[in-house]
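What follows is a set of notes on a single structure, which appears directly below.
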Amino acid sequence: MQLRGCGTALVTPFRQDGSIDDSALRNLIAWQIDSGIDFLVPCGTTGETPTLSHDEWLHVIDTTIEVAAGRVPIVAGATSNSTHDAVEKAKEVAARPGVNAILTASPYYNKPTQEGQYRHFSAIAAAVDKPIILYNVPGRTSANIEPGTLARLAEVPNIAGVKEASGNISQIAEVCHAVPERFLVFSGDDSITLPVIALGGVGIISVASNEIPQEMASLTRAALNNDWTTARQLQRKYLPLMQANFIESNPLPVKAVLAMMGRVEEVYRLPLLPMRRDTRSKLQKVAAEVGLVAKAAGAAAADASSFYIYENWLAGPHKIVLHRSSCGQCNHGKGRPSGHDANHARWHGPYASLSEARDTSHNMTGILIRSECKCV
C-alpha cells in the first residue's frame, strides 16, 4: 500500500446541542485536502470516537469518503477492547469502497498480554481484505505492543504498519530494526516526527495537522526527501503548538484552537469538559505566536482597550464575566463556552475602557455573581 507522508487524525466537530456539525466537518475535510494533506484518518481517538454512536461513527467515515472523493486515501478508525466487536467494526468499514485502510488500537482497559494482542490483531486482519494499521498508544490503553510482537504481526500479510505513539524513541528504533522494510512505521506524536522518519519511519498520523495541515505536510515531505534544513525550520517554529496540543487531554486543545480559528465550535462530549482558563490562556498565546490567530491578535492590537461582558443563566442565577476582546474565550464577543446556548447567554459590549466595562458590570441588575477573566 502506497501510504506515506502526513495524515490528519480528524477531530469530530459538534454543534451546541451535541450533534455532529456536518457543515464544519465537510469544510474541515475539504480544507485539509486543499492544503495538501496526504491522507485522512476519521474516527481515531482525536475524533472522540468512544462517544460516538455506531451510526455516527459510520456517518463521519462516510462523510469523509464523500468529500475526499478519492483525492486522498482514507484510513478509518475501528477499535474495540472486545475482539469480536473489533472484528465486526473492521468488517463493516472494510466493506466501504472509499476506505483504503483501517486503523485499530490495542484493546484498552483489558491490558492483554503480548500473545493476547497478537491474537486480537491477527483476528481482525483475517476478517478483512484491507490493510491494517496498528495503533500503539500505551499511555491511553495501558497495553504496549512490544517490538517482538510487532515483528510477528508484520508477518501477517495485510497488517501493513503501525502508528507508534509510545513516545519511546529507543523502542521505535528497535521497531524499525525488527520489522521488514515494507512495514510502515508512522509517528503517533507530532513532536517526534523527524526522529521517527530519520529512523526509517514513513510519516506521521498527526493531531497538529488539524490546525496546520499545509505546514505539517511540508515538514513531513521535507524530512522524507532528506531536506532536513527545511524540516528543522518548520519543527522549530511549530514545536510549541505540537506540545501545547497536549497541555490538556487530546482533543481539548486542538479543538479549542480550531474554534479560535473559526473552523469549529468548541463543543465536546462528556466525559471531556472545556479547558481550564489558565491552560486556555497559555494555548491562546502559543496559537497567536505561530500565527494561527493572527487576525484576532491584529484586531486586538488595533482595539487594545476593548472589553466585553459575558452574561449567562444556564443554571440558576445570572452570572457575568468581564473579558478582554482578545481573550480566547471572548473572541471579540463571539465566543461561547461548551454547553451554553444563545437562549441562556449573551454578550454586552464592546466597552472602550476597563473602567467603563467595570462600571457597567457593577450597575447591571439581577446579577448574583460578578467575576473577571484572568485575561483582564
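Remember, predicted model here, so these are calculated numbers, not experimental data.
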With a 4.5 Å heavy-atom cut-off, do [X] and [Y] have their side chains touching?
X	Y	result
Trp313	Lys319	no
Thr46	Leu10	no
Phe183	Val162	yes
Tyr108	Val137	no
Val267	Asp17	no
Gln284	Ser281	no
Val196	Thr193	no
Trp347	Ile309	no

### Task
Could you tell me which residues satisfy side-chain contact (heavy atoms from CB on, under 4.5 Å) with Ala86, sequence neighbours excluded, listed by chain and number?
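With neighbours one apart ignored, the set is Ser80, His120, Ile124.
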#### Entry: Candidate pair Arg26 and Glu66, rule salt bridge (Lys or Arg N to Asp or Glu O under 4.0 Å), full reasoning
CA-CA 9 Å; Arg26 288 173 177 275; Glu66 179 187 340; 3.1 Å; yes
same_hphob_cluster([X], [Y]) at 4.5 Å side-chain heavy-atom cutoff:
X	Y	value
Ile320	Tyr310	no
Val321	Phe307	no
Val128	Val156	yes

Taking [X] for its side chain and [Y] for its backbone only, find out whether a donor-acceptor pair lies under 3.5 Å.
X	Y	answer
Asn27	Ser23	yes
Asn158	Ala125	yes
Ser35	Trp31	yes
Asn245	Asn250	no
Asp189	Ile192	no
Gln114	Gly148	no
Thr279	Met275	no
Asn210	Ala9	yes
Arg269	Thr51	yes
Arg182	Ala154	yes

Is a salt bridge present between [X] and [Y], judged by a nitrogen-to-oxygen distance below 4.0 Å?
X	Y	value
Lys91	Glu88	yes
Arg346	Glu311	yes
Asp38	Arg221	yes
Arg96	Asp62	yes
Arg152	Glu146	no

Separation of [Y] [atom2] from [X] [atom1] (nearest 0.5 Å):
X	Y	atom1	atom2	value
Asp85	Lys89	CG	NZ	8.0 Å
Ile20	Leu52	CD1	CG	5.5 Å
Arg236	Gln233	CZ	CD	7.0 Å

Which heavy atom of [X] sits nearest a heavy atom of [Y], and at what distance?
X	Y	value
Pro251	Val254	O-CG1, 3.3 Å
Thr79	Ala105	OG1-N, 2.8 Å
Val264	Lys255	CG2-O, 3.8 Å
Val72	Ile37	CG1-O, 3.6 Å
Ala94	Ile102	CB-CD1, 3.9 Å
Phe39	Ile204	CZ-O, 4.2 Å

#### Entry: Ser166 and Glu164: CA distance, side-chain angles, deciding distance, side chain to side chain donor-acceptor pair (under 3.5 Å) verdict
CA-CA 6 Å; Ser166 66; Glu164 238 297 346; 2.7 Å; yes
### Task
Under the salt bridge (Lys or Arg N to Asp or Glu O under 4.0 Å) rule, what do Glu372 and Arg324 come out as? Steps first, then yes or no, please.
CA-CA 9 Å; Glu372 296 183 357; Arg324 288 187 185 274; over 6 Å; no
### Query
Given Ile74 and Val41, is the side-chain contact (heavy atoms from CB on, under 4.5 Å) satisfied, shown in steps?
CA-CA 6 Å; Ile74 306 298; Val41 185; over 6 Å; no
### Query
Judged by modelled atom types alone, do Gln117 and Asn144 share a side-chain donor-acceptor pair under 3.5 Å?
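Side chains of Gln117 and Asn144: no pair found under 3.5 Å.
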### Query
Side chains of Thr141 and Ser106: donor-acceptor distance under 3.5 Å anywhere?
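Not at all, the side chains of Thr141 and Ser106 share no donor-acceptor pair under 3.5 Å.
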#### Entry: Residue pairs involving residues 279-290 (criterion salt bridge (charged side-chain N to carboxylate O under 4.0 Å, His left out); sequence neighbours excluded)
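Matches after skipping sequence neighbours: Glu266-Arg280, Lys285-Glu289.
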[X] atom [atom1]: more than 12 heavy-atom contacts under 6.0 Å:
X	atom1	answer
Glu181	CD	no
Arg71	CZ	yes
His54	NE2	yes

### Task
Please assess Ser218 against Thr230 for the test side-chain contact (heavy atoms from CB on, under 4.5 Å), listing each intermediate value before the final yes or no.
CA-CA 9 Å; Ser218 297; Thr230 299; over 6 Å; no
### Query
Regarding Lys163 and the six-membered ring of Phe186, is the cationic atom NZ or CZ under 6.0 Å from the ring centre and inside 45° of its axis?
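Because its charged atom misses either the 6.0 Å distance or the 45° angle limit, Lys163 does not stack over Phe186.
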### Query
Run the side-chain contact (heavy atoms from CB on, under 4.5 Å) check on Phe121 and Leu134 step by step: do they pass?
CA-CA 8 Å; Phe121 290 126; Leu134 311 179; 3.5 Å; yes
### Query
Going by the angle between their ring planes, with limits at 30° and 60°, are His332 and Tyr308 parallel, tilted or perpendicular?
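Taking Tyr308 first and then His332, their aromatic rings stand perpendicular (interplane angle over 60°).
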### Query
Do Arg276 and Asp278 pass the salt bridge (Lys or Arg N to Asp or Glu O under 4.0 Å) test, and can you show the C-alpha distance, the side-chain angles, and the key distance before you say yes or no?
CA-CA 6 Å; Arg276 303 191 311 270; Asp278 57 336; 3.3 Å; yes
